[in-house]
Amino acid sequence: HSWDHRKAEHERIVAKEQSVREALVFRPLDATLHLLWAREAAEEKDWSQVRLRARALIALRPASIEAHLLMATALRETGQGSQSLRHAQRALEGLPRIRNKKQMDAMMAHLLLNYPSTEELAALAPREPESWKLFMRLLAQEHRDVAWKLLWDREKGSLSNQDDLYAMES
């Protein structure tokens, strides 16, 4: 269980040759192990386990985007929509830290799947300007009409026409 063996152990866990539960006995503060178990539990739709693992992961890595998305999904699946939105918002606050377009696209796909209505997206849209701008750009790539509606709702009263919306897009 030394540092020298972690990479090999991690590879065995990912390959499902070793149980993540067994590894956590020796490394209970290893955030990566909690993340792997949370992912497994989500695949199995074991939402109580997802919540437990995501809670541990958030305690270990409070800014973890994936931990907050996993928690948001588990809460939504168990009928706790308002708490779910709070965790989805926390995940979106991390958008500026993501440098990989594939990860950004996956995050947006996840959010659109789980929060399909404009009202839900408006409720979880980030408040911080940099995150808001990035969120809107990503949303507009695939769902321009939804992005326009969110932008219009947010800027009610300060926009006189659609040309003002185009000016804000840049």
Side-chain angles (χ1 to χ4, degrees), residues 14 29-159 162 164-170:
V14 170
L29 299 179
D30 188 326
T32 302
L33 294 177
H34 287 282
L35 175 60
L36 292 172
W37 193 350
R39 286 177 183 166
E40 281 180 16
E43 287 174 14
E44 297 166 3
K45 298 189 183 322
D46 182 353
W47 304 120
S48 63
Q49 193 59 246
V50 172
R51 286 178 59 189
L52 286 171
R53 297 301 117 209
R55 186 177 301 124
L57 185 52
I58 290 167
L60 294 166
R61 292 186 188 159
S64 170
I65 293 168
E66 191 167 4
H68 285 285
L69 285 177
L70 285 162
M71 181 65 88
T73 302
L75 290 167
R76 184 175 174 83
E77 291 293 327
T78 57
Q80 298 174 51
S82 63
Q83 289 181 349
S84 171
L85 282 174
R86 187 169 48 92
H87 283 282
Q89 286 171 327
R90 284 288 311 231
L92 279 169
E93 289 170 8
L95 268 177
R97 292 192 320 268
I98 300 175
R99 300 289 176 239
N100 180 310
K101 182 170 175 5
K102 185 177 175 184
Q103 288 176 333
M104 282 187 185
D105 291 344
M107 180 179 185
M108 290 305 293
H110 173 84
L111 292 172
L112 289 166
L113 177 68
N114 287 288
Y115 304 94
S117 76
T118 306
E119 293 78 19
E120 288 175 308
L121 286 172
L124 68 86
R127 306 294 180 243
E128 190 275 317
E130 185 181 1
S131 297
W132 162 261
K133 221 173 176 180
L134 188 51
F135 173 71
M136 292 303 290
R137 282 190 182 133
L138 292 168
L139 185 60
Q141 287 175 4
E142 298 291 325
H143 302 279
R144 198 168 185 80
D145 56 330
V146 175
W148 283 126
K149 171 107 175 68
L150 286 179
L151 186 56
W152 182 260
D153 288 348
R154 180 178 167 123
E155 300 298 328
K156 261 186 223 168
S158 65
L159 301 174
Q162 197 164 26
D164 290 338
L165 290 173
Y166 285 110
M168 289 187 71
E169 188 178 45
S170 58

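From a predicted model like this one, the values you see are computed outputs, not experimental measurements. The basis for the numbers below is simple: all heavy atoms, side chains too, and nothing from hydrogens, waters or symmetry mates.
Shown here for R127 and A122, the closest heavy-atom pair between the two residues is NH1-O, 3.8 Å. Contact between A72 and Y115 at its shortest, heavy atoms only, is CB-OH, 3.6 Å. Closest heavy-atom contact between L35 and E66: CD1-CD, 3.6 Å.
Atoms NE2 and CD, on H110 and Q103 in that order, are 14.0 Å from each other to the nearest 0.5 Å. One distance of note links CZ of R39 with CD of E44; it measures 14.5 Å at 0.5 Å rounding. Here CG of L111 is found 6.0 Å from CG of L124. Values are rounded to the nearest 0.5 Å.
Between M107 and L138, every side-chain heavy-atom pair lies at or beyond the 4.5 Å cut-off. Residues L75 and L85 are not in side-chain contact: their nearest non-hydrogen atoms beyond the backbone lie 4.5 Å or more apart. Side-chain contact between W148 and R144 is present, with heavy atoms from C-beta onward closer than 4.5 Å. Under the 4.5 Å side-chain criterion, counting only non-hydrogen atoms from C-beta, V50 is not in contact with T73.
Sorted by first and then second residue, the pairs that involve residues 104-124 and meet salt bridge (Lys or Arg N to Asp or Glu O under 4.0 Å), not counting sequence neighbours, are R76-E120, K101-D105.
With hydrogens and angles ignored, the 3.5 Å screen pairs a side-chain donor or acceptor of E128 with a backbone N or O of S131.
Legend: residues meeting ring pair (Phe, Tyr, Trp, His ring centres under 6.0 Å) with H87, ordered by chain and number and at least two apart, are H68.
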Just distance, no hydrogens or angles: give the donor-acceptor pairs under 3.5 Å from side chains in residues 52-62, sequence neighbours left out.
| from | atom 1 | to | atom 2 | distance (Å) |
| --- | --- | --- | --- | --- |
| R53 | NE | Q49 | OE1 | 2.8 |
| R53 | NH1 | H34 | ND1 | 3.0 |
| R53 | NH2 | Q49 | OE1 | 3.4 |

